[in-house]
Participant: 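Following this message is one structure expressed as structure tokens.
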Amino acid sequence: MKKLWLWAVSALLLGGCAAWQDNPDVFVGGNLAKEFYLSRKVNSANYNRIPADAKKFAVGNDFVELDKIDGIKRKKKTKSLVYNKFTLKNDRKLFLLIGADWQFKAFLNGKMIFDSSKYGGKPLFYTYQVEASGKAGENLLTIEVVRGKATSLFFCGEGVKKTYDFSKPLEVKADISAVSGIIKPMNAVNNGPKAAASSQTKSNMTAWQKAKIPYSRNHDASISGYGSAHIVDVHQIFPDFSKDPYDPKSYDFTLTDIYHKNILKGGTKIFYRLGSRIEHSIVKYGTKKPADFKKWAIICEHIIRHYTEGWANGYKWDIRYWEIWNEPDLSSGKANKKTWGGTDEEFFEMYRLTAFHLKKNFPQLKIGGPALCGNLEWARSFLKAMTAGERVPIDFFSWHIYTAHPSAVVAKARQVRRLLDEFGYKNTESILNEWNYVRNWTSAFVYSIETIIGIKGAAFSAAVMNLSQNAPVDMLMYYDARPGTGFNGLFDFYTMRPLKTYHVFCVWSELAALGKQFKLDYPENPEISAVGATDGKGNAGILFSRYTEEDKLPGPVKIVVKPAGVSLKGAKLYLLDKDNNLAEKKLSFNFDGSVSFKMEANTVVYLKKSAK
């Protein structure tokens with residue numbers, strides 16, 4: 001499969017890695033100087049000069065943390081200036097890749113060339129394409145960086161501008177005999193099906209079962225949608241912390257049992273989040289720091305025993321994944337702590353003790369966490385604490401991202417994997433167990449929710465699944481399948497009828513049933529992604545997504561699929577767009593054995609070939 005980074009940071013695009021070209025009309029790399037400079041003195045004069053006391057640093061193949069350059073941690077929205085002084089032989093065009101947490105403005109020779117705030121703010125690990133014209137002689141690039149709430153990460157590189165002419169057909173070479181691995185569980189979710197509690201409530205059980213969703217993470221189940229708040233969370237199951245954790249009477253499993261039975265009835269396995277849902281209210285209940293970490297670990301132990309060993313009139317269910325807490329980094333350093341009431345160090349202590357205790361009692365189960373909100377600097381501190389002294393076992397590392405750019409998911413997956421490998425957790429699974437479309441959390445939040453429940457959200461989801469199949473991430477868990485949340489792009493809250501993204505999950509289940517991924521090769525482009533699967537017995541499928549974040553949609557693109565050694569005779573095309581829910585459409589069969597069809601922007605196509 002051709003890997004599509006969609007302009008994300010890539011070693012092939014970084015300054016100094018591209019071949020030098022003397023044609024000034026061609027975008028080239030190698031123009032910027034290797035040395036960058038950082039100054040905290042933000043005033044009008046310093047936008048056109050590098051202060052004498054500016055700190056020198058280098059930008060490699062990854063984001064750098066500006067606060068580490070001078071050892072001073074700045075507050076959110078603090079501004080800094082980054083410089084690069086370079087010399088050109090003649091006038092030429094530049095193609096820059098710039099990213100920052102949180103926003104930035106770029107100036108070349110005193111003239112503003114880019115302002116990221118006009119785009120609503122993009123996610124961390126997203127690099128903007130910035131085009132500019134350099135002059136012969138000395139040039140000064142000045143970048144005003146606005147610090148994010150958690151980090152002051154920065155990147156600046158340069159490379160060759162890659163373009164694709166969408167007026168020409170896009171040729172896809174499909175080699176069904178070239179199997180490259182298995183189809184990964186990219187179609188897992190948060191929360192489970194809704195059962196009808198009375199004649200006045202609707203159920204989505206039948207549609208859920210058809211989707212064949214592999215895993216359901218039970219996080220946020222206690223917020224709404226399943227009949228009661230008294231489910232799943234540790235403090236709901238064990239409501240009185242003063243009670244005896246070894247006494248079955250101290251626990252209330254009733255409603256959680258019902259909820260889990262419905263998940264299993266839906267044909268889905270449970271991924272259990274130990275801890276609490278996020279709490280936005282002023283008064284906190286489940287996110288408070290446990291009064292006794294050892295006792296909390298023992299309570300978790302008995303919750304596991306109830307569901308896997310039959311303890312306290314329980315069950316012997318196959319629940320392999322057990323996650324410790326949720327998004328502890330979200331509350332780091334804040335007064336209003338929504339997810340973890342203690343300090344970072346206290347969380348590290350609690351996690352260490354709980355992980356050792358659970359792994360000792362259940363060596364056959366997968367114990368992991370911490371459901372990282374997104375702060376990789378916090379994650380580095382966490383992993384450093386887990387490897388100080390006796391190494392803490394981490395069977396899986398879970399993390400979250402909300403973005404409008406599938407490439408940002410890939411970029412962050414790469415960073416998470418590198419971080420785990422760096423600390424020796426090379427066999428630890430990387431699980432993205434919260435993700436969805438968000439343009440931003442403020443001015444475009446309503447637009448984001450409208451997108452999630454529509455066809456653009458479906459095309460986005462298909463793109464994330466396609467790209468993640470070939471990224472260093474082991475499982476995706478979409479947020480959210482819970483009734484009543486705006487992030488549920490699978491089912492309508494009132495009718496429980498499937499929405500557009502539901503059909504993407506159904507198609508991915510078909511790919512997973514086929515089992516083996518085969519090779520697809522096509523030109524790198526910023527919109528189209530695809531994954532092909534086969535069972536090796538003549539049955540095959542290809543999921544295409546054409547996704548664009550731009551509000552002004554481009555015209556249709558002709559796709560030509562050329563098979564290698566296998567005929568596509570009898571193949572069928574199913575279209576998912578604003579008017580069709582995987583409706584069968586005409587597929588053109590060509591004399592050379594290829595097939596062709598047109599794709600509009602923000603649509604999904606499933607090409608299916610049966611052995612019969």
Participant: About how many Å separate CD of E600 and CD1 of I455, when rounded to the nearest 0.5 Å?
Facilitator: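 Here the rounded value is 11.5 Å.
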Participant: Kindly indicate, with the supporting measurements, whether the criterion side chain to side chain contact (heavy atoms under 4.5 Å, CB included) is fulfilled by L587 and F589.
Facilitator: CA-CA 6 Å; L587 181 63; F589 294 86; 3.9 Å; yes
Participant: Any non-hydrogen side-chain atom of I559 less than 4.5 Å from a side-chain atom of V605?
Facilitator: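 In short, these two side chains do not touch, never coming nearer than 4.5 Å.
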Participant: Okay, side chain of S203, backbone of K194: is any donor-acceptor separation there less than 3.5 Å?
Facilitator: yes
Participant: Can you find a heavy atom in the side chain of P563 that is under 4.5 Å from one in the side chain of I176?
Facilitator: no
Participant: Could you report the tightest heavy-atom contact between D329 and G374, atom names first, then the distance?
Facilitator: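 Nearest pair, atom of D329 first, then G374: OD2-N, 3.1 Å.
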Participant: Any chance you could measure F491, atom CZ, to M496, atom CE, to the nearest 0.5 Å?
Facilitator: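 One finds 8.0 Å between CZ of F491 and CE of M496.
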Participant: So Y128 and F104, would you call those rings parallel, tilted or perpendicular, with 30° and 60° as cut-offs?
Facilitator: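 Ring orientation, 0 to 90° scale: perpendicular.
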Participant: Taking D535 for its side chain and G515 for its backbone only, find out whether a donor-acceptor pair lies under 3.5 Å.
Facilitator: no
Participant: Aromatic rings F460 and W435: how do their planes relate, parallel, tilted or perpendicular, breaks at 30° and 60°?
Facilitator: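 The rings of F460 and W435 sit tilted, inter-plane angle from 30° to 60°.
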Participant: Taking all non-hydrogen atoms of both residues into account, name the closest pair between S529 and A463 and its distance.
Facilitator: OG-CA, 3.6 Å
Participant: Looking at K585 and D577, is there a salt bridge between them, counting it only when a charged N and a carboxylate O are closer than 4.0 Å?
Facilitator: no
Participant: Can you tell if the side chain of V561 reaches within under 4.5 Å of the side chain of F597, non-hydrogen atoms only?
Facilitator: yes
Participant: Would you indicate whether the side-chain heavy atoms of V130 and I113 approach each other to under 4.5 Å?
Facilitator: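 I113 reaches V130 side chain to side chain.
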Participant: Specify the closest pair of heavy atoms between F493 and P483, including all atoms of both residues, with the distance to one decimal.
Facilitator: CD1-C, 3.8 Å
Participant: Indicate the atoms forming the closest heavy-atom contact of A458 with L576, along with that distance.
Facilitator: CB-CD2, 4.0 Å
Participant: Can a donor-acceptor pair be found, under 3.5 Å and without considering hydrogens, that links the side chain of E429 to the backbone of S398?
Facilitator: no
Participant: Calculate, to the nearest 0.5 Å, the distance between atoms NZ and NE2 belonging to K412 and H400 respectively.
Facilitator: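 Between K412 NZ and H400 NE2, I get 9.0 Å after rounding to 0.5 Å.
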Participant: Check whether any side-chain heavy atom of P193 sits under 4.5 Å from a side-chain heavy atom of K265, and report yes or no.
Facilitator: no
Participant: Return yes if some donor-acceptor pair links the side-chain N/O of S448 with the main-chain N/O of R439 below 3.5 Å, else return no.
Facilitator: yes
Participant: For Y447 and K456, test the side chains for any donor-to-acceptor distance below 3.5 angstrom and give the result as yes or no.
Facilitator: yes
Participant: May I ask you to decide if S594's main-chain N or O and D592's side chain share a donor-acceptor pair within less than 3.5 Å?
Facilitator: yes
Participant: Is N539 reaching over with its side chain to a backbone N or O of S610, donor-acceptor style, under 3.5 angstrom?
Facilitator: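 No, N539 side chain to S610 backbone: no donor-acceptor pair under 3.5 Å.
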Participant: Could you walk me through whether L573 and K586 pass the side chain to side chain contact (heavy atoms under 4.5 Å, CB included) test, one step at a time?
Facilitator: CA-CA 7 Å; L573 182 148; K586 182 180 178 181; over 6 Å; no
Participant: When you measure from the side chain of N602 to the backbone N and O of T548, does any donor-acceptor pair fall under 3.5 Å?
Facilitator: yes
Participant: Between the side chain of N218 and the main-chain N/O of R273, is any donor-acceptor distance below 3.5 Å?
Facilitator: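 Yes: the side chain of N218 pairs with the backbone of R273.
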Participant: Within this structure, what is the OH-CD1 distance for the pair Y606 and I542, rounded to the nearest 0.5 Å?
Facilitator: 9.5 Å
Participant: Counting C-beta onward and ignoring hydrogens, is there a side-chain heavy-atom pair between L141 and C156 closer than 4.5 Å?
Facilitator: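 Result yes, sub-4.5 Å side-chain heavy-atom pair found.
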Participant: List the steps and the verdict of side chain to side chain contact (heavy atoms under 4.5 Å, CB included) for F505 and V189.
Facilitator: CA-CA 10 Å; F505 278 71; V189 300; 3.6 Å; yes
Participant: Under a 4.0 Å N-O cut-off, is there an ion pair linking E527 with R546?
Facilitator: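 Salt bridge: yes.
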Participant: N191: which residues meet the side-chain hydrogen bond (donor to acceptor under 3.5 Å, both in side chains) condition with it, sequence neighbours left out?
Facilitator: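 Y259, D480.
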Participant: A side-chain contact here means heavy atoms from C-beta on lying under 4.5 Å apart; do S133 and D91 qualify?
Facilitator: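 Side chain of S133 against side chain of D91, heavy atoms only: no contact under 4.5 Å found.
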Participant: Can you say whether the rings of Y321 and F271 are parallel (under 30°), tilted (30 to 60°) or perpendicular (over 60°)?
Facilitator: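 Rings of Y321 and F271: parallel, as their planes differ by under 30°.
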Participant: Do R497 and Y494 pair up side chain to side chain, a donor and an acceptor below 3.5 Å, judged on atom types alone?
Facilitator: no
Participant: According to the interplanar angle, ranging from 0 to 90°, do the rings of W441 and F487 count as parallel (below 30°), tilted (30 to 60°) or perpendicular (above 60°)?
Facilitator: tilted
Participant: For S509 and A211, indicate whether the former's side chain and the latter's backbone hold a donor-acceptor pair under 3.5 Å.
Facilitator: yes
Participant: Given D220, which partner from the list I278, N326, N190 fulfils the side chain to side chain contact (heavy atoms under 4.5 Å, CB included) test?
Facilitator: I278
Participant: To the nearest 0.5 angstrom, please state how far the CG atom of L499 sits from the CD1 atom of I453.
Facilitator: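 If I round to the nearest 0.5 Å, the distance is 6.5 Å.
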Participant: How about L432 and M477: do any of their side-chain heavy atoms sit closer than 4.5 Å?
Facilitator: no
Participant: Decide, yes or no, whether a salt bridge links E327 with K338 under the criterion of side-chain N to carboxylate O below 4.0 Å.
Facilitator: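 No.
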Participant: Under 3.5 Å, side chain of W508 to main-chain N/O of N466, donor-acceptor pair present?
Facilitator: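 Answer holds: no.
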Participant: Could you tell me which non-hydrogen atom of Y522 sits nearest to which non-hydrogen atom of L170, and how far apart they are?
Facilitator: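 Here Y522 and L170 meet closest at CB-CD2, 3.9 Å.
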Participant: Can you spot which of Y478, Y402, Y479 makes a side chain to side chain donor-acceptor pair (under 3.5 Å) with E434?
Facilitator: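 That would be Y402; it is the only one of Y478, Y402, Y479 passing the side chain to side chain donor-acceptor pair (under 3.5 Å) with E434.
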Participant: Who passes side-chain hydrogen bond (donor to acceptor under 3.5 Å, both in side chains) against D579, sequence neighbours left out?
Facilitator: none
Participant: As an exercise, state the distance from CD of Q103 to CG of D115, rounded to the nearest 0.5 Å.
Facilitator: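 Taking CD in Q103 and CG in D115, the distance rounds to 7.5 Å.
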Participant: Does L520 form a side chain to side chain contact (heavy atoms under 4.5 Å, CB included) with F544? I'd like the steps, not just the answer.
Facilitator: CA-CA 11 Å; L520 295 177; F544 290 91; 5.7 Å; no
Participant: If you take all heavy atoms of A540 and L514, which pair is closest and at what distance?
Facilitator: C-CD1, 3.8 Å
